[in-house]
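Here is the structure we will look at, set down as structure tokens.
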Amino acid sequence: YHRYREDVDLMAGLGFGTYRFSVSWPRVMDGDRVNEKGMDFYSRLVDALLERGVAPWLTLYHWDLPASLPGGWTNRDTALRFVDYALAVHERLGDRVGTWTTLNEPWCSSFLSYAGGAHAPGHTDPREAVRAGHHLLLAHGLATRALREASRPGTELGITLNFTPVAPATDAPSDVDVARRIDGTANRFFAHPIFTGEYPDDVRADLAPYWDDDLVADGDLAAYLASLQRVRGLALAGQVHALGKAVLQRGLARMQCRAGFFLHGRQAGVDAAVFLQQTEKARRIALVLTVPEDQRAVLLQKHMLLELGYQ
């Protein structure tokens, strides 16, 4: 907070062309009122980046939700409040920031948080997770629509989704089915509605016991479809699943052999960069896709077809 100028100097010295940072919703908004001191910090940060020739890439939500919002993401009203927050930030920074991400990895702030109990609020209720997931996507769609109307020409709007390549451990029907189910909630629950305007039929069927009849209102899915402009996908360490057994983590090389993992990037006219990082626990693959308006990339994996592109 106090040494951001030194941080920016380091970025410029390393040759960074872009810096992606996240705005803290509770820091800049106090209920419906803008916290000027919080907003001023991000304004100073953006100015410092531009002074050093580093383009600011702003993410609006990276899991820090105001505690004053009742029910968190299980409450539909939170999506509407998110739109107000997004427009408040844009009013202050939209004249200088050209790239905006609405949500960072909504799977983490829905299924991992409300069903897995790993992130705040630490609940283990599948019904809450489904509600949170839908309302996060709704927040993305509505905010993107509002920001597009308010933004200057050339502004790029998008979302960051964390994809987990999933493969069955064997060709047994039980393993194939459990991999399909996990792929459905981890990947297709979020990607499919953004690209098609519909939730996958098999995912709806799998989640039927936890899917409230009034969850999806008229116009919700149209808001998803209208939101697409830029997708940033993060594919973490792949997973191989067998029914009733623990998850087997696989790095990129193992996944290529085991699951038939393919990336079709350049031939589709898409700038695709793959970065590998060796960690103490596992090898991870980070996949960054920038999708031009008239082109598409296809990420193919055995038992999974996910198209990233424009309909």
Side-chain angles (χ1 to χ4, degrees), residues 25-26 31-32 60-86 102-146 159-164 166 177-228 231 241 304 306 311:
W25 186 350
D32 295 330
L60 285 164
Y61 184 70
H62 199 145
W63 311 340
D64 47 350
L65 188 69
S68 60
L69 296 177
W73 286 111
T74 65
N75 187 344
R76 183 183 181 87
D77 186 62
T78 299
L80 306 181
R81 296 292 187 94
F82 180 79
V83 178
D84 296 337
Y85 154 63
T102 53
L103 308 175
N104 180 76
E105 303 177 5
W107 178 84
C108 295
S109 43
S110 56
F111 287 93
L112 191 60
S113 300
Y114 287 92
H119 287 189
H123 294 180
T124 54
D125 186 333
R127 187 179 300 276
E128 287 189 356
V130 172
R131 292 189 65 84
H134 176 70
H135 293 150
L136 281 156
L137 284 173
L138 179 62
H140 161 69
L142 295 177
T144 302
R145 178 185 293 171
I159 187 172
T160 294
L161 301 178
N162 54 310
F163 299 120
T164 298
V166 181
D177 186 62
V178 73
R180 177 196 61 77
R181 287 171 175 267
I182 292 170
D183 171 52
T185 53
N187 302 316
R188 293 183 290 118
F189 181 96
F190 298 97
H192 201 269
I194 291 175
F195 298 122
T196 70
E198 297 287 345
Y199 285 104
D201 290 340
D202 66 312
V203 174
R204 283 291 305 264
D206 292 340
L207 297 177
Y210 317 111
W211 198 290
D212 294 333
D213 292 338
D214 62 348
L215 179 59
V216 180
D218 291 342
D220 285 5
L221 296 175
Y224 299 172
L225 187 58
S227 70
L228 183 61
V231 172
H241 289 270
M304 169 179 161
L306 175 61
Q311 301 298 318

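Since this is a predicted model, take the numbers as computed values, not measurements.
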Taking all heavy atoms of [X] and all of [Y], pick out the closest pair and write down the distance.
| X | Y | value |
| --- | --- | --- |
| Ala191 | Leu161 | CA-CD1, 4.1 Å |
| Tyr199 | Val216 | CE1-CG2, 4.2 Å |
| Ala179 | Val166 | O-CG1, 3.4 Å |
| Cys108 | Leu112 | O-CB, 3.3 Å |
| Pro193 | Leu137 | CG-CD1, 4.0 Å |
| Asn162 | Pro106 | OD1-N, 4.5 Å |

Kindly compute the distance separating [atom1] ([X]) from [atom2] ([Y]), expressed to the nearest 0.5 Å.
| X | Y | atom1 | atom2 | result |
| --- | --- | --- | --- | --- |
| Thr164 | Ile182 | OG1 | CD1 | 10.0 Å |
| Leu207 | Asp202 | CG | CG | 9.5 Å |
| Leu80 | Arg76 | CG | CZ | 7.0 Å |
| Trp211 | Asp206 | CH2 | CG | 11.0 Å |
| Phe189 | His134 | CZ | NE2 | 8.0 Å |
| Leu136 | Thr78 | CG | OG1 | 9.0 Å |

The single option from Trp63, Trp107, Phe111 passing ring-ring contact (aromatic ring centres under 6.0 Å, His included) against His119:
Trp63
Excluding sequence neighbours, so at least two apart, what forms side chain to side chain donor-acceptor pair (under 3.5 Å) with Arg204?
none
Please report, to 0.1 Å, the donor-acceptor pairs under 3.5 Å made by any side chain of residues 64-75, with sequence neighbours excluded.
residue: Asp64; atom: OD2; partner: Ser24; partner atom: OG; Å: 2.8
residue: Trp73; atom: NE1; partner: Tyr61; partner atom: OH; Å: 3.0
residue: Thr74; atom: OG1; partner: Gly71; partner atom: O; Å: 2.5
residue: Asn75; atom: OD1; partner: Asp77; partner atom: N; Å: 3.0
residue: Asn75; atom: ND2; partner: Pro70; partner atom: O; Å: 3.0

Side-chain donor or acceptor of His123 paired with backbone N/O of Ser113 under 3.5 Å
no
Using atom types as modelled and distance alone, determine if a side-chain donor or acceptor of His192 lies under 3.5 Å from a backbone N or O of Arg188.
no
Is any side-chain heavy atom of Leu103 closer than 4.5 Å to a side-chain heavy atom of Phe82?
yes
Find out whether Trp25 and Arg81 are in side-chain contact, i.e. whether some heavy atom of one side chain is under 4.5 Å from a heavy atom of the other.
yes
Would you mind checking if Asp183 and Arg180 are paired as a salt bridge, meaning a charged N to carboxylate O distance below 4.0 Å?
no
Are there over 12 heavy-atom neighbours, none belonging to Asp214, within less than 6.0 Å of that residue's CG?
yes
All pairs passing salt bridge (charged side-chain N to carboxylate O under 4.0 Å, His left out) where residues 109-127 contributes a residue, at least two apart
Arg127-Asp212
